[in-house]
Amino acid sequence: MDTHDREGLIEGVLRALTVPMEASGRHVHLSQEGVDRLFGPGHRLTPVRDLSQPGQFVCAERVQLCGPKGVLDKVVVLGPERKECQAEISLTDAVNLGVTPPVRLSGDLDGTPGFVLRYGDRVLCLDRGLMVAKRHIHMTPADARRLGVEDRQRVRLKTLTARPLIFGDVEVRVRSDFATAAHLDYDEANACGFQKGDRGFILP
């Protein structure tokens, strides 16, 4: 086996045993009612770029997220519309806003605090939905079987990055409409020196 073939084999094995990693910045999900309140009745979100998860996309719309002590400008809106509005931020963002939201998986809104969104002179006040995004791994059923994990299982993730770390309490989410990828927020991504294309090992 020549050097090129050996390197190709090593790369193939590495990819089979690891998952791709992605850094997810602060963002907002809006219901259609929230879209109407902020951008006008009947407004439809404007897709500009697809995300790695099928059917999810970055929108042209940007909003201001307001807290008791600060404001986050130009927060990206992700589509499509959801049943309920929510905002996912980092712990650093929370400090800047002057809030203490819980760490949650997307969609787990019970007990989360409210927040305020602005777009120009339009204001949307919400009584719940602000959270710090919990690190997690989206996974297809086939990849879950291959890697020996189950939906809602909590694992550790060893990052193959410039500053390798092992993240604990990483929740696996298995669904047929997912694409396999580990999601970290920017605080976590910066801590481990993440670069686009980095991968991670799942540890028990």
Side chains of Gln86 and Glu84: is there a donor and an acceptor less than 3.5 Å apart? no
Side chains of Ser106 and Arg82 only: does a donor on one sit below 3.5 Å from an acceptor on the other? yes
Which is it for Arg118 and Val71 under the side chain to side chain contact (heavy atoms under 4.5 Å, CB included) test, yes or no, and what are the steps along the way? CA-CA 10 Å; Arg118 292 181 182 272; Val71 171; over 6 Å; no
Checking Asp93 now: which residues fulfil side-chain hydrogen bond (donor to acceptor under 3.5 Å, both in side chains) with it, not counting sequence neighbours? Arg26, Ser90
Could you tell me which residues satisfy side-chain hydrogen bond (donor to acceptor under 3.5 Å, both in side chains) with Arg175, sequence neighbours excluded, listed by chain and number? Asp177
How far apart are the C-alpha atoms of Arg146 and Thr180, what are their side-chain angles, what is the distance that settles it, and do they pass the side chain to side chain donor-acceptor pair (under 3.5 Å) test? CA-CA 12 Å; Arg146 176 173 58 83; Thr180 299; over 6 Å; no
What heavy-atom pair brings [X] and [Y] nearest, and what distance separates the two atoms?
| X | Y | value |
| --- | --- | --- |
| Gly34 | Cys85 | CA-SG, 4.1 Å |
| Arg62 | Val58 | NH2-CG1, 4.2 Å |
| Val132 | Pro101 | CG2-CG, 3.8 Å |
| Arg104 | Leu109 | NH1-C, 4.1 Å |
| Gly193 | Asp198 | O-OD2, 4.0 Å |
| Leu30 | Val28 | CD2-CG1, 3.5 Å |

Distance, nearest 0.5 Å, that separates [atom1] of [X] from [atom2] of [Y]:
| X | Y | atom1 | atom2 | answer |
| --- | --- | --- | --- | --- |
| Glu171 | Leu105 | CD | CG | 4.5 Å |
| Arg154 | Arg135 | CZ | CZ | 11.0 Å |
| Glu188 | Leu157 | CD | CG | 10.0 Å |
| Leu45 | His29 | CG | NE2 | 11.5 Å |
| Leu17 | Leu147 | CG | CG | 8.0 Å |
| Glu88 | Leu130 | CD | CG | 10.0 Å |

Okay, side chain of Asp73, backbone of Gln64: is any donor-acceptor separation there less than 3.5 Å? no
Polar side-chain atom of Arg199 near backbone of Thr18 as donor-acceptor pair, under 3.5 Å: yes
For Glu150, does the CD atom sit with more than 12 other heavy atoms under 6.0 Å from it, leaving out its own atoms? no
Would you sort out whether Val149 and Ile137 count as a side chain to side chain contact (heavy atoms under 4.5 Å, CB included), showing the intermediate values? CA-CA 11 Å; Val149 296; Ile137 305 172; over 6 Å; no
If you group Ile, Leu, Val, Met, Phe, Trp and Tyr by side-chain heavy-atom gaps below 4.5 Å, do [X] and [Y] land in one group?
| X | Y | result |
| --- | --- | --- |
| Leu78 | Leu65 | no |
| Val77 | Met131 | no |
| Phe194 | Ile89 | no |

Contacts satisfying ring-ring contact (aromatic ring centres under 6.0 Å, His included) that involve residues 123-148 (not counting sequence neighbours) are His136-His138, His136-His183, His138-Phe178, His138-His183
Pair listing, ring-ring contact (aromatic ring centres under 6.0 Å, His included) test, anchored in residues 71-122, at least two apart: Phe39-Tyr119
Do Thr112 and Pro102 make a side-chain contact, defined as non-hydrogen atoms from C-beta onward lying under 4.5 Å apart? yes
Can Lys134 and Asp169 be said to form a side chain to side chain contact (heavy atoms under 4.5 Å, CB included), step by step? CA-CA 9 Å; Lys134 182 178 182 180; Asp169 195 27; 3.6 Å; yes
Counting only pairs under 3.5 Å, give me each side-chain donor-acceptor contact of residues 159-168, with atom names and distances, residues two or more places apart or in other chains.
| from | atom 1 | to | atom 2 | distance (Å) |
| --- | --- | --- | --- | --- |
| Thr159 | OG1 | Thr161 | OG1 | 2.8 |
| Thr159 | OG1 | Leu165 | N | 3.0 |
| Thr159 | OG1 | Leu165 | O | 3.3 |
| Thr161 | OG1 | Cys192 | O | 2.7 |

Less than 3.5 Å apart, which donor and acceptor atoms pair up between the side chains of residues 47-55 and the rest of the protein, not counting sequence neighbours?
| from | atom 1 | to | atom 2 | distance (Å) |
| --- | --- | --- | --- | --- |
| Ser52 | OG | Glu22 | OE1 | 2.9 |
| Ser52 | OG | Glu22 | OE2 | 2.9 |
| Gln53 | OE1 | Ala179 | N | 3.0 |
| Gln53 | NE2 | Ala179 | O | 2.8 |

Let's go through Val174 and Thr140 carefully: what are the C-alpha distance in whole Å and the side-chain angles of both, what is the deciding distance for side chain to side chain contact (heavy atoms under 4.5 Å, CB included) to 0.1 Å, and is it a yes or a no? CA-CA 6 Å; Val174 180; Thr140 65; over 6 Å; no
Knowing that exactly one of Leu124, Val76, Val116, Leu117 qualifies, which makes a side chain to side chain contact (heavy atoms under 4.5 Å, CB included) with Val63? Leu117
Note: Arg128-Asp110 ion pair, threshold 4.0 Å (strictly below): yes
